[in-house]
Amino acid sequence: IPNETACIMWTHLLTTAQFPLLDLWVKFISEVYKKPVSKDLWQQTLAFGATKLEEYDPSGSWPSAMDEFVEYAKRQ
């Protein structure tokens, strides 16, 4: 789906309790990532949102957008 649509849907469907970095995630997807959101990325977003940045394993089977987001978030 277009990333603009995904961002709107995430902000309506998720809370910061479920995804503490939701605002930064939406900013990253809309301003940096700029690609359509794949089915895999869409389906794993909620589980990813509960993951702490310090505990994120880049060698895991997360979509590459999440790897890029972790690097982005650590720079912020």
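Scope of the values below: all heavy atoms of this structure, side chains included, with no hydrogens, waters or symmetry mates. As the structure is a prediction and not an experimental result, all values here were calculated from the model.
Counting only residues at least two apart or in different chains, side chain to side chain donor-acceptor pair (under 3.5 Å) contacts with residues 61-76 comprise Tyr56-Asp67.
Counting heavy atoms from C-beta outward, Phe48 and Val70 have side chains that approach closer than 4.5 Å. By the 4.5 Å heavy-atom criterion applied to side chains, Phe28 and Met66 are not counted as neighbours.
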Throw together a table of side-chain donor-acceptor distances under 3.5 angstrom for residues 15-24, partners on residues two or more places apart or in other chains.
unit_1	atom_1	unit_2	atom_2	d
Thr15	OG1	Ala17	N	3.3
Thr15	OG1	Gln18	N	3.2
Thr15	OG1	Gln18	OE1	3.4
Gln18	OE1	Thr15	N	2.9

With a 3.5 Å cut-off and sequence neighbours excluded, list the donor-acceptor pairs that the side chains of residues 1-14 form with protein atoms.
unit_1	atom_1	unit_2	atom_2	d
Asn3	ND2	Ile29	O	2.8
Thr11	OG1	Cys7	O	3.3
Thr11	OG1	Ile8	O	2.8

Hey, mind stepping through Lys27 and Val32 against side chain to side chain contact (heavy atoms under 4.5 Å, CB included) and telling me if it holds? CA-CA 8 Å; Lys27 181 179 178 182; Val32 178; over 6 Å; no

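Remark: Lys52 engages Glu54, Glu55 in a side-chain contact (heavy atoms from CB on, under 4.5 Å) (not counting sequence neighbours). Under the side chain to side chain donor-acceptor pair (under 3.5 Å) criterion, Asp40 pairs with Gln44, not counting sequence neighbours.
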